[in-house]
Amino acid sequence: MLRDTIFDIVARSVAALRENGDLPDVALPAFEIERPQIASHGDYATNVAMKLASAAKAAGEKSNPRAIAEIIATRIRETVAVVPAYDLVETVEVAGPGFINLRLRPAWLLAQTGRVIDEGNSFGSVHVGRGKKINLEFVSANPTGPVTVGNGRGAFIGDTLAAVMRAAGYDVTKEYYFNDAGGQIDKLGRSMEYYLRLALGEADPSKPDEGYFGPYYETVAERMIASGAKKLLKLPEQKRASAIGEATAAAIMDDIRQTMAKMRVEFDVFFNQASLGPSGELQASIDELRAAGYIEEYEGAQWAKTNLFGDDKDREGNERGRVIVRSNGEPTYFASDVAYMRNKFLRGFDRLIMILGPDHHGYIGRLKAVAQMLGHAADDMHILIYQNVTIKGQRMGKRLGNIITLDEIYEEVGPDVTRFFYLMRSSDTHLDFDLDLARKQTDENPGLSVQYAHARASGVFRKAHEQGITESDYATADVTALAGDPPEQLDRELAMIRQLLRLEEVVERAALLLEPHHLTRYGMDLADAFHQFYDHCPILKQGADIPLDVRNARLRLLRAAQAGLARTLTLLGMTAPDRMERAETVERVEA
RNA sequence: GUGCCCGUAGCUCAGUGGAUAGAGCGCUGGCCUGCGGAGCCAGAGAUCGGAGGUUCGAGUCCUCUCGGGCACGCCA
């Protein structure tokens, strides 16, 4: 990656100076290579001189950060002058309190066009993941209702995070855990029994006091009756609730899978909680914890000593951990958690990541404790909590009874815009979905703007084709010739190639920090750079009188931009259209 | 009571301990008949909730505090 090369240049120069005793004789502190916020400061900056000065001062030596920076800068200039692989650096300057700013050579930047085009679908990939096996579990909504705008957030975060992590070199398995066991299924069954009887025209069927209610369940009841659920009502009372519950859960699971498929969220594994009992894994994990000495009995129940690993350390009056087997002999939901995690680790994953809603933050301590009881590091179990979702301008929430499903959003704006909007915000932040903005079929819609950039690029190639210009005409064009363009054009061309090259850094950062939202920001930046290029650097424009070599070089650059946009959109799970559907626009009023 | 997340422009939000805090929308003014105008250019708009602290440097880290959201079962 480009930044790694810059790091090497700086590190090598500093190391050489230290060998000669030209720098303060203190341990070299960690330093950063960063992109300055202000373009006039160059492409990269390092704070190594300030860090060194600071360390020297702490060791009692007197030091001047700017003077140190000058020494290092001089050495860097010498280094890049003699090492051919480092010929990408044009200038090295000391600025401010002691920053060393490096600027890249325009011709080198332009030449990167070839690499972007050659790498194509794999452009932006990095290797920080080193093939580490990751289990990424997300959504895992209970099969007791449709996916909502709230719990659907995990779907987009998870799906795109997986794509980004794969691009960063991780081996990712995407997994959905269906909580299809326990009391909630019976409760679902009792609720559905009411809806089935209602749908069959029974007069005044009894409605349970507590359960799952709403118009959605009426539609599920209709479908279940159509597929023969009527006979379930004839089952004896003890079996009826669980039988209806299981059938209902299966029907709802189908809905959830369909919603996911429509939104292009894919899973490698669907795991059913109910399978853990019959497979013997539930018992095996309890036995394993007992053998390790982590289970104690109290008042007839079996307690797992999660408190030994920090779980519930602040919970009042409870130093016993969590109940894993009730006094009536039934394992708790927590037992399933243990068995499921054990199952994942046995499948050979190096790290487990779970994406959960804000109501699950209590899980963090509990599950990290489980990981440790199973003999793994606390950090091998990572939980990513995302915050709530609201629809702008609407009050919502279960208590108000106006749950909005993800399907409704799909109907309104489709998968592309939905995905983009969900991924614009950090998981840590509450998401206020601006449905009005999402509905707009104009460039005001930031998601469409990225797609439009891609479509525009495709449009130019379409036009080129119509004019008889073929790929072979510009495939070997010398893009560095653009270095001779006037600033108005060259600045835009360089800005776009700079944005393109940034993708690798964005992918690495998003993967390491588990923050896929950086990709949408990047998409907007790249699209913006593209539109600037498009507006200022004509290629086929009539009457613009573009020399052939410039035209062909710009077509190359455009090809690279198209590839970068396509790659970004793909990582976001969006389509990269070759043309945009023209929306019905208001006729312009002639003055 | 305890814990987690948030507080940055009118709105919704980015922001890697660095230099002059950014984007989208909205607002104001101007340009434009095309590589599909779903356009371009410019501008106004911010005591980064508040108070201390850490350091060469804090929107960012620490402590306290105020405001908003969420959760704390032998439920799942």
Side-chain angles (χ1 to χ4, degrees), chain A residues 32-38 40-41 45 47 50-51 53-54 57 63 65 95-99 101 142 144 179-185 187 273 298-303 312-316 318 322-328 330-334 336-337 357-365 385-388 390 392 424-434 436-437 440-446 448-449 452 455-457 459-464 467 505 509 513 517-518 520-521 524-525 528 531-532 534-542 544 546 554 558 579-580 582-583 585 588:
Chain A
E32 281 87 43
I33 304 292
E34 57 197 20
R35 286 179 176 274
Q37 284 178 16
I38 296 152
S40 62
H41 290 156
N47 58 0
M50 289 181 289
K51 289 288 183 190
S54 185
K57 194 177 170 191
S63 66
F99 289 101
N101 294 333
N142 291 354
T144 53
N179 302 324
D180 57 346
Q184 63 172 349
I185 297 301
K187 189 161 129 186
Q273 181 192 350
Y298 180 79
E299 290 182 352
Q302 312 281 321
W303 295 70
D312 285 346
K313 59 177 184 290
D314 297 317
R315 198 165 69 181
E316 203 178 332
N318 188 347
R322 286 178 188 276
V323 171
I324 187 163
V325 181
R326 299 186 185 95
S327 47
N328 66 7
E330 283 287 315
T332 60
Y333 182 81
F334 176 67
S336 297
D337 280 344
D359 50 337
H360 287 75
H361 74 255
Y363 267 45
I364 297 174
I385 300 285
Y386 60 83
Q387 298 303 314
N388 277 325
T390 50
K392 194 172 186 176
M424 277 199 293
R425 306 286 177 245
S426 155
S427 307
D428 282 341
T429 312
H430 173 92
L431 171 66
D432 201 24
F433 196 101
D434 190 342
D436 288 332
L437 184 61
K440 283 190 181 168
Q441 295 285 305
T442 72
D443 201 34
E444 294 155 41
N445 187 324
L448 289 184
S449 167
Y452 181 52
R456 265 186 152 176
V460 175
F461 286 112
R462 214 163 32 241
K463 178 150 182 157
Q467 295 184 5
E505 289 167 33
R509 179 172 163 74
L513 298 179
H517 71 278
H518 294 297
T520 48
R521 289 277 151 184
M524 285 192 276
D525 288 345
D528 194 49
H531 289 302
Q532 288 265 330
Y534 181 90
D535 287 321
H536 291 89
C537 305
I539 300 173
L540 303 175
K541 195 174 182 176
Q542 278 185 344
I546 315 292
R554 284 186 183 154
L558 191 73
R579 58 179 79 223
M580 299 294 277
R582 244 196 200 290
T585 48
R588 293 179 66 224

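These numbers were taken from a predicted model, which means no experiment stands behind them.
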Is there aromatic stacking of A/Phe99 against B/A19, centre distance under 5.5 Å, plane angle under 30°? yes
Measure CE/A/Met424 against C1'/B/C11 and give the value in whole Å, please. 13 Å
OP1 or OP2 of B/C41 sitting under 4.0 Å from any side-chain N/O of A/Gln532? yes
If I pick the C1' atom on B/G34 and the same atom on B/C40, what distance separates them, to the nearest angstrom? 12 Å
Roughly how far apart, to the nearest Å, are B/U16 and B/G57 at atom C1'? 15 Å
Between A/Ser40 and A/Leu558, whichever has its closest RNA chain B nucleotide further toward 5' is A/Ser40
Does A/Thr429 place a side-chain N or O at less than 4.0 Å from the phosphate oxygens OP1/OP2 of B/A14? yes
Which listed nucleotide (B/A19, B/C35, B/C25) is nearest to the side chain of A/Ile38? B/A19
If you only use heavy atoms from C-beta on, which nucleotide in B/A38, B/C13, B/C25 is closest to the side chain of A/His430? B/C13
Can you list the residues that meet the salt bridge (Lys or Arg N to Asp or Glu O under 4.0 Å) rule with A/Asp180, with sequence neighbours excluded? none
Which part of the nucleic acid does A/Phe334 contact within heavy-atom distance under 4.0 Å: base, sugar-phosphate only, or nothing? nothing
By nearest atom, which of the nucleotides B/A76, B/A14, B/C35 is closest to the A/Lys463 side chain? B/C35
Side-chain N,O (A/Lys440) to OP1/OP2 (B/G26) below 4.0 Å: yes
Length of the CG-P vector between A/Asp337 and B/A76, whole Å: 11 Å
What is the nucleic acid contact for A/Gly182, judged by heavy atoms within less than 4.0 Å: base, sugar-phosphate only, or nothing? sugar-phosphate
Given the structure, check if the side chain of A/His361 and the base of B/G3 hold any donor-acceptor pair shorter than 3.5 Å. yes
Measure from the side chain of A/Asp359, starting at C-beta and using heavy atoms only, and say which of B/U20, B/G36, B/C70 lies closest. B/C70
Atom-to-atom span, CE of A/Met580 to C1' of B/C35 - whole angstrom: 17 Å
The side chain of A/Lys392 lies closest to which of these nucleotides: B/A76, B/U12, B/G36? B/U12
Of the listed nucleotides (B/A14, B/G24, B/A76), which one gets closest to any side-chain atom of A/Pro446? B/G24
How far does the C1' atom of B/G59 sit from the matching atom of B/A19, given to the nearest Å? 15 Å
Mind checking the P distance from B/U47 to B/C31? Whole angstroms is fine. 33 Å
Applying the 5.5 Å / 30° rule, does A/His360 stack onto the base of B/A71? no
Counting a pair only when it is Watson-Crick or G-U and both distances are under 3.5 Å, which runs of at least 3 such pairs involve RNA chain B? B:1-7 with B:66-72, B:10-13 with B:22-25, B:27-31 with B:39-43, B:49-53 with B:61-65
For a quick check, tell me whether the side chain of A/Ser327 and the base of B/C74 share a donor-acceptor pair closer than 3.5 Å. yes
Answer whether the closest heavy-atom distance between the side chains of A/Ile38 and A/Pro36 falls below 4.5 Å. no
Closer than 4.0 Å, any side-chain N/O of A/Arg554 to the OP1 or OP2 of B/C35? no
B/C70, B/C56, B/A19: which one has an atom nearest the side-chain heavy atoms of A/Asn101? B/A19
Could you tell me how far apart A/Glu32 (CD) and B/C61 (C1') are, to the nearest whole angstrom? 14 Å
Under 3.5 Å, is there any donor-acceptor pair linking the side chain of A/Asp525 to the base of B/A14? no
In this structure, CG of A/Leu558 is separated from CZ of A/Arg456 (nearest 0.5 Å) by 11.0 Å
Per atom distances to the A/Ser426 side chain, the nearest of B/C70, B/A14, B/C56 is B/A14
When rounded to whole Å, the CD to P distance for the pair A/Glu34 and B/G22 reads 15 Å
Which nucleotide sits closest to the side chain of A/Tyr452: B/G22, B/A38, B/C5? B/A38
Of all the nucleotides listed (B/A76, B/U12, B/C41), which has the minimum atom distance to the side chain of A/Gln184? B/A76
Using heavy-atom distances to pick each residue's nearest nucleotide on RNA chain B, tell me which of A/Arg456 and A/Glu505 is more 5'. A/Glu505
Is there a side chain to side chain contact (heavy atoms under 4.5 Å, CB included) between A/Phe433 and A/Lys392 once you walk through the steps? CA-CA 5 Å; A/Phe433 196 101; A/Lys392 194 172 186 176; over 6 Å; no
Answer with yes or no whether A/Asp535 presents, from its side chain, a donor or acceptor under 3.5 Å of a partner atom in the base of B/G39. no
State whether the number of non-hydrogen atoms from other residues, nucleotides or ligands found under 6.0 Å of A/Arg579 atom CZ is greater than 12. no
What is the distance from CD1 of A/Ile364 to C1' of B/G3, rounded to the nearest Å? 10 Å
Have a look at A/Pro358 and say if it touches a base, only the backbone sugar-phosphate, or nothing, with a 4.0 Å heavy-atom cut-off. sugar-phosphate
Please report the distance separating the C1' of B/G22 from the corresponding atom of B/G1, rounded so that it comes out in whole Å. 40 Å
Write down the distance separating the P atoms in B/U63 and B/A44, rounded off to the nearest Å. 39 Å
To the nearest 0.5 Å, how far apart are CG in A/Asn445 and CG in A/Asp436? 11.5 Å
Please work out if A/Ala95 contacts a base, only the sugar-phosphate, or nothing of the nucleic acid, heavy-atom cut-off 4.0 Å. base
So, OP1 or OP2 of B/C75: does either fall under 4.0 Å of a side-chain N or O from A/Arg322? no
Using only heavy-atom distances, decide whether a donor-acceptor pair under 3.5 angstrom links the side-chain of A/Tyr363 to the base of B/A76. yes
Quick one: label A/Ala464 by what it contacts on the DNA or RNA (base, sugar-phosphate, nothing), any heavy atom closer than 4.0 Å. nothing
NE2 (A/His517) and CG (A/Asp428) are apart, to the nearest 0.5 Å, by 8.5 Å
Does B/U16 have its OP1 or OP2 closer than 4.0 Å to a side-chain nitrogen or oxygen of A/Arg509? yes
A/Asn388 near the nucleic acid: base, sugar-phosphate alone, or nothing, with a heavy-atom cut-off under 4.0 Å? sugar-phosphate
